[in-house]
Amino acid sequence: MSFILEAVQVNKEIDGRQILQNISLECSNDTRLLIRGKNGSGKSTLLKILAGITEPTSGKVEGSARKIGYVPEHFPENLRFKVKEYLLLTSSFQGGSKASIEKELIKLTQMFSLEPFLHTSLKVCSKGTRQKVGIIQALITKPDLLLLDEPLTGLDAESQQILIRLLREEQIPIIFTSHEEALVTNLAKEVLQIENGQIMIQIGKAASQKRIRVEYRMREDLKGLPVSQMHLDGNIAVFTVEGDVSDHVLRELLRKNCSILEVKELK
Amino acid sequence: MVGGFIRYQLSSYVRSLTFIPPLTLFIGWIILFYTYSGVPIMSSYAVTCISLYLVMTWVAMNVFALEGESEMNLLFVQLPSKRDYLWGKWVVCFLIALILGFIAMVYPLLLNSFKETPQFVHLSLAIYGHLFFAVFGILVGSFFSNSKVESKKFAWLSVMLVIAISIAQEGIIGKAYIFKWILLPLPPVSQILLHFTDETLEIGKGFWMDTAWVVFYSFICLLVIIRMFYRKGR
């Protein structure tokens with residue numbers, strides 16, 4: 001089977017520090033892969049390797065994707081171009097038809113309400129506007145694969161919803177990193193967790209976890225609850241539960257006269 | 001070759017205003033240099049060749065430093081290949097070199113500054129000299145822009161050292177022959193300047209041998225820089 005993109009045994013070392021170890025992943029036409037991990041775990045580096053920006057120290061990345069759309073976490077701040085000029089110039093690099101690029105440009109700028117800024121210098125645009133430009137430059141050439149590094153960063157709630165809807169509608173394989181639950185729950189089909197530079201694949205719909213802090217009366221009340229982790233401190237218990245069973249756990253706890261002190265979504 | 005990327009680079013270079021110091025200095029120098037008329041042809045062209053070498057190194061360093069890391073990363077993905085990025089930079093440098101070389105060669109002709117009328121052989125040698133001095137400048141600038149020199153200051157100092165030694169290498173080798181081999185990696189500036197004589201110009205076997213070395217050197221340098229460019233991304 002040929003993949004849009006395939007990483008085989010990828011290792012990355014930066015300044016003598018091992019960032020990624022033996023990372024292998026495949027991306028096919030319907031991929032919606034979320035790369036998860038703590039700050040500095042190597043998510044962005046992995047995206048850069050997949051995008052061809054940086055080379056792996058060992059291992060290889062190959063596939064049939066010819067055009068890749070990449071959205072960096074932080075869009076460059078000092079570009080010496082106006083919004084429209086930048087989008088037209090960069091989209092001309094791949095040599096597509098000018099008419100189709102302009103048509104797509106109009107569609108996307110309307111969608112993200114960017115028309116008033118088309119002739120504004122990117123240097124003076126707000127962070128959110130620049131992020132929208134970053135998203136449009138990745139989508140405008142109709143890429144074979146989208147690599148998104150925290151794409152919702154800096155976007156207002158409305159633009160976030162527009163982007164999520166757009167990404168759900170587009171038939172483009174996507175590999176992304178995100179700490180935003182909205183994108184995770186609406187887009188991810190698979191999750192790849194990076195820990196200590198290595199991966200732990202979790203196949204299936206990405207499920208968020210919740211942390212529940214309760215005050216209980218008797219220890220027996222806590223028995224049989226479908227929780228992943230439990231810590232007890234006096235008569236306070238802290239549970240980590242999968243998102244899809246959290247309502248059930250809360251109902252059970254309330255039924256047993258426990259007091260819910262806090263419910264927190266984990267990313 | 002991606003025309004769009006060359007337009008992108010040229011616009012970015014012009015708007016960065018980093019072109020002002022080297023280009024002003026070069027054009028100012030040409031004007032100052034030809035204040036007096038009746039100057040010898042090849043010696044004058046030799047001086048403008050060296051000036052072009054210095055200025056093109058400066059220009060190449062500026063062109064390679066146009067983007068921050070994040071913009072460069074985006075360009076690597078937006079362009080069909082990383083190779084286009086490197087070649088696009090070189091094309092931009094070469095276009096600037098063409099303009100500066102043209103000014104350096106045509107300005108004294110328009111002002112009739114030379115003590116005798118330049119012949120075809122003078123002009124051919126001048127074109128050859130300016131062309132390769134510009135190429136050397138671009139190569140030296142590209143080399144240090146793509147090396148893993150951490151400090152920018154150190155890169156500039158290294159550039160200045162390489163330029164100074166390469167210009168003075170004939171004298172250094174004259175003092176101690178062993179330097180002929182030690183200085184081999186530096187641009188073969190003297191192999192071109194040697195033929196810029198105001199006595200009888202002779203295009204003989206020696207000239208063609210030197211030219212072959214200059215072309216070979218430039219080609220090898222190009223390959224080394226391409227390799228360095230790809231290795232820098234690892």
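Note on naming: letters A, B, ... go to the chains in the order of the sequence lines (proteins, then strands), and numbering restarts at 1 for each one. In what follows, every heavy atom counts, from backbone to side chain, and hydrogens, waters and symmetry copies are set aside.
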For this session: Give the C-alpha distance, both sets of side-chain angles, the deciding distance and a yes or no for ring pair (Phe, Tyr, Trp, His ring centres under 6.0 Å) between A/F81 and B/Y8.
Result: CA-CA 9 Å; A/F81 301 94; B/Y8 180 102; 4.5 Å; yes
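Contact annotation for A/Y86: only side-chain heavy atoms (C-beta onward) come within less than 4.5 Å of a heavy atom of chain B. Proximity to chain B is limited to the side chain of A/Q137, based on heavy atoms less than 4.5 angstrom apart. With a 4.5 angstrom heavy-atom cutoff, B/L75 touches chain A only via side-chain atoms. Within the 4.5 angstrom heavy-atom criterion, only side-chain atoms of A/E85, from C-beta onward, approach chain B. Neither the backbone nor the side chain of B/S81 comes within less than 4.5 Å of any heavy atom of chain A.
More than 12 heavy-atom neighbours from other residues, nucleotides or ligands sit within 6.0 angstrom of CD on A/Q110. Annotation: A/E77, atom CD; neighbour count of heavy atoms from other residues, nucleotides and ligands within 6.0 Å does not exceed 12. B/I178 CD1: 12 or fewer foreign heavy atoms inside a 6.0 Å radius. For A/K123, the NZ atom sits in a packed shell: over 12 heavy atoms of surrounding residues, nucleotides or ligands are nearer than 6.0 Å.
Separating the NZ atom in B/K82 from the OG1 atom in A/T54 is a distance of 6.0 Å, to the nearest 0.5 Å. For the atom pair CZ of A/F93 and CG of B/D84, the computed distance is 10.0 Å after rounding to the nearest 0.5 Å. In this structure, CD on B/E71 lies 8.5 Å from CG on A/N78, to the nearest 0.5 angstrom.
Residue pairs meeting the salt bridge (Lys or Arg N to Asp or Glu O under 4.0 Å) criterion with at least one member in residues 58-70 of chain A, sequence neighbours excluded: A/K60-A/E62.
For the pair A/S92 and B/R7, the tightest heavy-atom approach, listed with the atom from each and the gap, is OG-NH2, 4.2 Å. In plain terms, the two heavy atoms of A/P76 and B/L74 that are nearest each other are CD-CD1, 3.7 Å. Residues B/Q78 and A/Q94 approach most closely at O-NE2, 2.9 Å, considering heavy atoms. Of all heavy-atom pairs between A/I68 and B/V77, the closest is O-CG1, 3.3 Å.
Listed in order of number, the residues of residues 127-134 of chain B that approach chain A to under 4.5 Å between heavy atoms amount to none.
Side-chain atoms of A/R80 never come within 3.5 Å of backbone atoms of B/R15 as a donor-acceptor pair (strictly under, hydrogens ignored).
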